[in-house]
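Proteins come first, then strands; the chains are lettered A, B, ... in the order of their sequence lines, and each starts at number 1. All figures in this text were calculated on a predicted structure; none of them were measured in a lab.
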There are 2 protein chains.
Amino acid sequence: MDADEKVDRQALILEAVLRLLSLQGISGVSMRAVAREAGVSLGLVNYHYEDKTSLIRAALHRIEEQDIALVEPDLALEPEERLRAALTRVADPEFLTTEYLSLRLQLWALAQAHEDFERINTEAQKRYRAGLAALIGAARPELPPDECGKRAADIDVIQNGLWLTALLGLDRASISRSVARCEEIALAG
Amino acid sequence: MDADEKVDRQALILEAVLRLLSLQGISGVSMRAVAREAGVSLGLVNYHYEDKTSLIRAALHRIEEQDIALVEPDLALEPEERLRAALTRVADPEFLTTEYLSLRLQLWALAQAHEDFERINTEAQKRYRAGLAALIGAARPELPPDECGKRAADIDVIQNGLWLTALLGLDRASISRSVARCEEIALAG
DNA sequence: GCATATATTGAACGATCGTTCAGGCCCTCG
DNA sequence: CGAGGGCCTGAACGATCGTTCAATATATGC
């Protein structure tokens, strides 16, 4: 009768967590609220995720994937265009949604309180910077690796600020200026 | 017998909130935990602060004061040095402590979930940018006001990133490069 | 069709939450 | 001295929390 596409309830639960975390913060994420939001029973949440901590961990890993994907080389492009594409992507309206940014902020805040969350976060940041440095190295092969690392770090600072500023009060003009500044840093010399 | 300096217990309670919020996030801030941390009874917390919301509000206003003070003109200096001092102050180890940064992050995260917290936050950011723009205007009188505003916005982006990056993994070198970049932006032309 | 495994439910547990409140302490003023 | 008011305490309330678990439904393999 109804669509026989089987729903992956574990995925439904994770999406509910992301939604609640983004909209209401960690205080809004109770096992019962998650169950209600996902449209499943309370018991099922604990069935698919051992406890609340592993639920949050799953959310962290989900965001991590998205972030790393930002610096995934787009092999269809030339190295320099590849780098430009990655730098522009962070300001893409598709990524710069309040939901995504707020979620990031909540996860950062959580990482401050729990050591293992912080580890996941730090690891992700390292991978992101490494990906960015690799893109810069490919676009400017004459640069020594540590210079690429420096530039990647500088760009990371601005991008973090860009994300945060976008969240606290979207200001499209200053965001696009910041993106331009990132390109200057990356491609200078 | 012992020191008869009367302790201001209301202040003790607020400091306990700031400490707990910074170290454990909002989940660690219960009325009982605050009372324990401040060394007072549970009832007293509700006596001095109507409810938990007004406790958080007090914490927000406290941080707001500190932020605005950063761009308070230091009248002992010449305009340009005054601006430089303000820009350097944000990277001062005295301000760049994990406790302070984490506290900021937690409050930002809270602002995402509660509308009135967000209002306080937005207001504070506006005041901060205005203060920064005024400093720039004083150091470069030939600049039109809207150009000062633009530069203040750009610097705000980088500073937000600087704070966030410092929190996620302190990297002194990239922080001082970012401070230098802020000076360039402010004093260009 | 029957057994076996997996997925799902909701009641129940003890712990902790925010808030209320009756009462005790201490200082001040008449 | 005694009344009154601000400060402070801890017990108590009902609500909600995370977690457990026995029971049921659904799918899978023989």
Side-chain angles (χ1 to χ4, degrees), chain A residues 1-60 106-107 109-111 113-117, chain B residues 1-60 106-107 109-111 113-117:
Chain A
M1 204 63 67
D2 52 358
D4 29 41
E5 2 147 342
K6 281 270 224 52
V7 286
D8 180 351
R9 310 221 196 201
Q10 178 156 11
L12 281 185
I13 291 171
L14 181 53
E15 279 160 30
V17 171
L18 298 176
R19 211 157 40 236
L20 284 174
L21 199 50
S22 167
L23 287 173
Q24 313 190 37
I26 186 62
S27 307
V29 182
S30 69
M31 302 300 267
R32 283 170 180 80
V34 168
R36 199 180 321 122
E37 178 78 14
V40 302
S41 70
L42 170 60
L44 195 63
V45 181
N46 267 300
Y47 175 78
H48 284 300
Y49 297 91
E50 193 188 346
D51 54 18
K52 196 178 173 179
T53 301
S54 69
L55 241 190
I56 306 291
R57 228 188 329 255
L60 261 170
Q106 300 297 335
L107 291 173
L110 282 173
H114 296 77
E115 216 171 308
D116 47 340
F117 294 165
Chain B
M1 206 65 64
D2 52 358
D4 26 44
E5 3 147 340
K6 280 271 225 47
V7 287
D8 181 351
R9 310 222 196 200
Q10 178 155 12
L12 281 185
I13 291 171
L14 181 52
E15 280 160 29
V17 171
L18 299 177
R19 211 155 40 236
L20 283 175
L21 199 50
S22 166
L23 287 173
Q24 312 190 37
I26 186 62
S27 307
V29 181
S30 69
M31 302 301 268
R32 283 169 180 80
V34 169
R36 198 180 322 122
E37 178 77 15
V40 302
S41 71
L42 171 60
L44 193 63
V45 180
N46 267 300
Y47 175 78
H48 283 301
Y49 297 91
E50 194 187 345
D51 52 19
K52 195 178 173 177
T53 301
S54 69
L55 240 190
I56 306 293
R57 230 190 326 258
L60 261 171
Q106 300 297 336
L107 291 173
L110 281 173
H114 295 79
E115 216 171 308
D116 47 339
F117 294 165

Using modelled atom types only, decide if a donor and an acceptor are shared between the side chain of [X] and the backbone of [Y] within a distance under 3.5 Å.
| X | Y | answer |
| --- | --- | --- |
| A:Ser54 | A:Asp51 | yes |
| A:Lys52 | A:Asn46 | no |
| A:Gln106 | B:Ala109 | yes |

Distance, rounded to the nearest Å, where [X] contributes [atom1] and [N] contributes [atom2]:
| X | N | atom1 | atom2 | answer |
| --- | --- | --- | --- | --- |
| B:Asn46 | C:dG18 | CG | P | 9 Å |
| A:Ile13 | D:dG18 | CD1 | P | 14 Å |
| A:Leu55 | D:dT19 | CG | C1' | 13 Å |

Among B:Val34, B:Leu23, B:Leu110, find the residue that satisfies the side chain to side chain contact (heavy atoms under 4.5 Å, CB included) test when tested with B:Val29.
-> B:Val34
Which pair of heavy atoms, one from B:Ala59 and one from B:Leu18, lies closest together, and at what distance?
-> CB-CD2, 3.6 Å
Compare all side-chain heavy atoms of [X] with those of [Y] and state whether any distance is below 4.5 angstrom.
| X | Y | value |
| --- | --- | --- |
| A:Tyr49 | A:Gln10 | yes |
| A:Leu60 | A:Phe117 | yes |
| A:Leu44 | A:Arg9 | yes |

Just by protein heavy atoms under 4.0 Å, how would nucleotides 12-17 of chain D read 5' to 3' in B, S and -?
-> B----B
I'd like a table of atom pairs between the protein and nucleotides 4-7 of chain D - only N or O on both sides, under 3.5 Å - with the distance next to each one.
unit_1: D:dC7; atom_1: OP2; unit_2: B:Tyr47; atom_2: OH; d: 3.0

